[in-house]
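Written below as structure tokens is the structure these notes are about.
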Amino acid sequence: RTIKNPYIIWATYMDFKDYMFWWPNLFNRYGFTTQVSNIFTVYNLHYSKEIEILGIKYDFKKVKKEFLYGKDTKMINYHNLYFMNKERCFLEFVRTYATYNDTFFVDSYKLLDKENLVKMMKKYPIKSVLDKVKNIEKCI
């Protein structure tokens, strides 16, 4: 008689393998967007496919281990779950909407821990995203 929680389903499905929840759900959780998501994207080291588990859609993105940095752990129903932290998620947010005007990102940028953002930027491989974040900083 437990509520169908997509995070718990995924944690069970992965069986302690390395993974990290990402967009579009996290953009909403962190206050970057307000759109409603009906799919859960999960970066992992094993699967690259879209599947449905118990009526919930998952988009699995297979990545290299180096990509899975900037994780936060949260315990839900006695399961440790791994989410992309807010600053790392912001970099992916900028990447996803790179064509948008720099001012679009200002409100989201204000929500971040700037020291943690600098740490995440040091590991981030896409120079165009890093340049865009620097331009966003200038807008404030």
Side-chain angles (χ1 to χ4, degrees):
R1 301 181 121 219
T2 60
I3 295 173
K4 192 167 52 169
N5 184 319
Y7 303 118
I8 301 301
I9 294 169
W10 175 244
T12 305
Y13 187 80
M14 282 305 289
D15 192 32
F16 302 104
K17 293 180 178 98
D18 207 5
Y19 70 90
M20 181 168 59
F21 277 104
W22 183 59
W23 144 268
N25 176 263
L26 286 188
F27 287 179
N28 299 343
R29 285 186 76 208
Y30 292 140
F32 300 158
T33 63
T34 56
Q35 62 198 38
V36 176
S37 167
N38 64 350
I39 191 164
F40 292 84
T41 301
V42 186
Y43 287 125
N44 69 94
L45 304 175
H46 304 281
Y47 308 104
S48 187
K49 58 186 170 184
E50 283 188 28
I51 63 173
E52 193 170 307
I53 304 171
L54 297 175
I56 299 170
K57 294 178 185 174
Y58 293 91
D59 186 12
F60 301 119
K61 305 273 187 193
K62 185 175 180 181
V63 296
K64 294 179 180 178
K65 186 157 183 75
E66 301 84 45
F67 189 84
L68 297 178
Y69 70 91
K71 291 193 292 190
D72 283 340
T73 303
K74 182 175 182 178
M75 185 173 275
I76 300 176
N77 292 353
Y78 307 104
H79 290 277
N80 280 325
L81 305 174
Y82 305 105
F83 296 92
M84 188 176 282
N85 70 28
K86 186 183 289 187
E87 290 71 27
R88 174 78 164 82
C89 189
F90 178 75
L91 294 174
E92 294 301 323
F93 180 58
V94 171
R95 178 182 173 196
T96 302
Y97 296 106
T99 59
Y100 284 43
N101 189 300
D102 296 342
T103 56
F104 171 77
F105 302 97
V106 169
D107 289 341
S108 300
Y109 180 82
K110 291 177 181 178
L111 300 172
L112 305 175
D113 175 340
K114 305 314 183 270
E115 286 181 27
N116 198 23
L117 179 62
V118 169
K119 289 179 192 174
M120 297 298 111
M121 289 175 69
K122 287 179 182 176
K123 293 183 176 183
Y124 201 76
I126 303 172
K127 186 179 179 334
S128 62
V129 171
L130 300 176
D131 292 342
K132 182 100 172 155
V133 171
K134 290 175 185 172
N135 290 336
I136 295 165
E137 291 171 346
K138 292 176 186 175
C139 292
I140 296 178

Is there side-chain contact between K71 and F83, with at least one heavy-atom pair below 4.5 Å? no

Who are the salt bridge (Lys or Arg N to Asp or Glu O under 4.0 Å) partners of K62, not counting sequence neighbours?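 K62 satisfies salt bridge (Lys or Arg N to Asp or Glu O under 4.0 Å) with no residue once adjacent residues are dropped.
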
With respect to M120, which candidate in V133, L91, L112 satisfies the side-chain contact (heavy atoms from CB on, under 4.5 Å) definition? L91

Would you please name every residue forming a ring-ring contact (aromatic ring centres under 6.0 Å, His included) with F67, sequence neighbours left out?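 F67 satisfies ring-ring contact (aromatic ring centres under 6.0 Å, His included) with Y43 once adjacent residues are dropped.
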
Mind checking what makes ring-ring contact (aromatic ring centres under 6.0 Å, His included) contact with Y124, not counting sequence neighbours?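 Expected list: none.
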
Between N44 (side chain only) and Y47 (backbone N and O only), is there a donor and an acceptor less than 3.5 Å apart?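 Checking the backbone N and O of Y47 against the side chain of N44, a donor-acceptor pair under 3.5 Å is found.
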
Electrostatic pair K57-D59, nearest N-O below 4.0 angstrom: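 A salt bridge is absent here (no side-chain N lies under 4.0 Å from a carboxylate O).
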
According to a hydrophobic-cluster definition based on side-chain heavy atoms being under 4.5 Å apart (Ile, Leu, Val, Met, Phe, Trp, Tyr only), do F93 and V118 belong together? no

Decide whether V42 and M75 are clustered together by the hydrophobic rule: side chain heavy atoms of Ile, Leu, Val, Met, Phe, Trp, Tyr closer than 4.5 Å, transitively. no

Once you round to the nearest 0.5 Å, how far does [atom1] of [X] lie from [atom2] of [Y]?
| X | Y | atom1 | atom2 | value |
| --- | --- | --- | --- | --- |
| T41 | M84 | OG1 | CE | 10.0 Å |
| F90 | M121 | CZ | CE | 9.0 Å |
| C89 | F32 | SG | CZ | 5.5 Å |
| I136 | N101 | CD1 | CG | 9.5 Å |
| Y109 | L117 | OH | CG | 6.0 Å |
| C139 | F104 | SG | CZ | 13.0 Å |

Qualifying residues under side-chain hydrogen bond (donor to acceptor under 3.5 Å, both in side chains), relative to D72, sequence neighbours excluded: none

Mind checking side-chain contact (heavy atoms from CB on, under 4.5 Å) for S128 and listing every partner two or more places apart, or none if nothing turns up? I126

Do any pairs count as a salt bridge (Lys or Arg N to Asp or Glu O under 4.0 Å) and have a residue in residues 110-136, sequence neighbours left out, and if so which ones? D102-K132, K127-D131

In terms of ring plane angle, is the pair F60 and Y58 parallel, tilted or perpendicular, where the classes change at 30° and 60°? parallel

Which class fits the ring pair F105 and Y100: parallel under 30°, tilted 30 to 60°, perpendicular over 60°? tilted

